[in-house]
Amino acid sequence: MTIHRTRALLPILVVGVLLVVSGCAVGTISPRTTPPPPSPPNPFEQGLLDEVNRYRASRGLATLKLNDVMTAQARLHSMNMSIGSVRFGHDGFKERAGRIRSYISVLEISENLAVNKGYPDPVSVAFRTLMASPGHRRNIEGHFDMTGIGVAKSSDGTIFFTQMFADGQGRFR
């Protein structure tokens with residue numbers, strides 16, 4: 001009698017274990033926490049930097065200098081959004097800002113995000129979208145002297161932009 005019950009329950013137990021194991025794995029891509037090593041800006045990153053600095057110069061504002069520490073954090077966030085380990089948004093901003101502050105002295109840090117897909121010039125679309133938002137425009141026009149830009153493309157072609165802004169001359173601690 002016990003043997004029959006155990007055999008009858010075995011398929012149920014196996015299915016239950018498989019559901020638990022597969023349930024734990026579904027949608028759980030862990031975000032990367034180690035930023036990529038410093039490298040020159042990719043064409044999208046350089047394009048956004050050029051657009052922002054052109055606009056700032058036209059308004060009599062100082063151009064922004066690209067900062068490797070800030071760029072590493074921006075790239076990491078864009079990469080994590082592109083692989084789906086974090087949602088598109090500013091979640092984790094305080095942690096990114098804290099990591100930046102652990103390397104350089106800054107007075108204020110802000111962040112802009114943009115996403116688009118299927119445009120022949122994604123940088124121009126991202127820039128126009130950011131300029132149409134009062135909060136993002138305020139960051140672009142803000143009293144900042146450095147920036148970090150990270151752009152990543154997902155497997156479906158969606159392009160994620162993260163731009164961080166800071167003031168404080170970027171002195172290393």
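Only this structure's heavy atoms are used, side chains among them; waters, hydrogens and symmetry mates stay out.
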Exercise for the section: Would you sort out whether Ile159 and Val151 count as a side chain to side chain contact (heavy atoms under 4.5 Å, CB included), showing the intermediate values? Expected result: CA-CA 7 Å; Ile159 301 173; Val151 179; 3.4 Å; yes
Practice task
With sequence neighbours excluded, tell me which residues meet side chain to side chain contact (heavy atoms under 4.5 Å, CB included) with Ala114.
Solution key: Ala126, Leu130, Phe161
Problem - Any residue meeting side chain to side chain contact (heavy atoms under 4.5 Å, CB included) with Asp91, in chain and number order, not counting sequence neighbours - result: Arg87
Side chain to side chain donor-acceptor pair (under 3.5 Å) partners of [X], counting only residues at least two apart:
| X | answer |
| --- | --- |
| Ser110 | Asn139 |
| Arg138 | none |
| Arg56 | none |
| Thr147 | Gln163 |

Problem - salt bridge (Lys or Arg N to Asp or Glu O under 4.0 Å): pairs with one or both residues in residues 147-166, sequence neighbours excluded - result: Lys117-Asp156
Exercise for the section: Any chance you could lay out the side chain to side chain contact (heavy atoms under 4.5 Å, CB included) test for Ile149 and Met164, step after step, and finish with the verdict? Expected result: CA-CA 6 Å; Ile149 301 173; Met164 303 192 79; over 6 Å; no
Exercise for the section: Please answer: with hydrophobic residues joined when any side-chain heavy atoms are less than 4.5 Å apart, are Tyr55 and Val123 in the same cluster? Expected result: yes
Quick one: [atom1] on [X] to [atom2] on [Y], what's the gap to the nearest 0.5 Å?
| X | Y | atom1 | atom2 | result |
| --- | --- | --- | --- | --- |
| Ile100 | Asn67 | CD1 | CG | 7.5 Å |
| Asn80 | Arg75 | CG | CZ | 14.5 Å |
| Asp145 | Lys65 | CG | NZ | 9.5 Å |
| Ile140 | Leu64 | CD1 | CG | 9.5 Å |
| His77 | Phe93 | NE2 | CZ | 10.0 Å |
| Ile83 | Ser155 | CD1 | OG | 10.5 Å |

Exercise for the section: For the pair Asn116 and Thr158, evaluate side chain to side chain contact (heavy atoms under 4.5 Å, CB included) and give the outcome as yes or no after the intermediate values. Expected result: CA-CA 6 Å; Asn116 64 60; Thr158 303; over 6 Å; no
Handout entry: Arg99 bridged to Glu95 by N-O distance under 4.0 Å
Key = no
Student check: side-chain heavy atoms of [X] and [Y] closer than 4.5 Å:
| X | Y | result |
| --- | --- | --- |
| Met79 | Phe160 | no |
| Pro41 | Thr71 | no |
| Ile104 | Met70 | yes |
| Val106 | Met146 | yes |

Handout entry: Members besides Val125 in its Ile/Leu/Val/Met/Phe/Trp/Tyr cluster (side-chain heavy atoms under 4.5 Å)
Key = Tyr119
Fill in the blank from the handout: Residues joined to Leu61 in its hydrophobic cluster, side chain to side chain under 4.5 Å directly or through other members, sorted by chain and number, are none
Practice task
Output every pair passing ring pair (Phe, Tyr, Trp, His ring centres under 6.0 Å) with a member in residues 131-153, not counting sequence neighbours, ordered by first then second residue.
Solution key: Phe144-Phe165
Practice task
Say whether Gln46 and Asp50, considering side chains only, have a donor N or O and an acceptor N or O under 3.5 Å apart.
Solution key: yes
Practice task
Using only heavy-atom distances, determine whether the side chains of Arg96 and Gln73 contain a donor-acceptor pair under 3.5 Å.
Solution key: no
Taking all non-hydrogen atoms of both residues, which atom of [X] and which atom of [Y] are closest, and how far apart?
| X | Y | result |
| --- | --- | --- |
| Ala132 | Pro134 | O-CD, 3.7 Å |
| Ser78 | Gly150 | OG-O, 2.7 Å |
| Ser82 | Ala152 | OG-CB, 3.7 Å |

Handout entry: Whether Asn53 side chain and Thr63 backbone form a donor-acceptor pair below 3.5 Å
Key = no
Problem - Contacts of Glu51 that satisfy salt bridge (Lys or Arg N to Asp or Glu O under 4.0 Å) - sequence neighbours left out - result: none
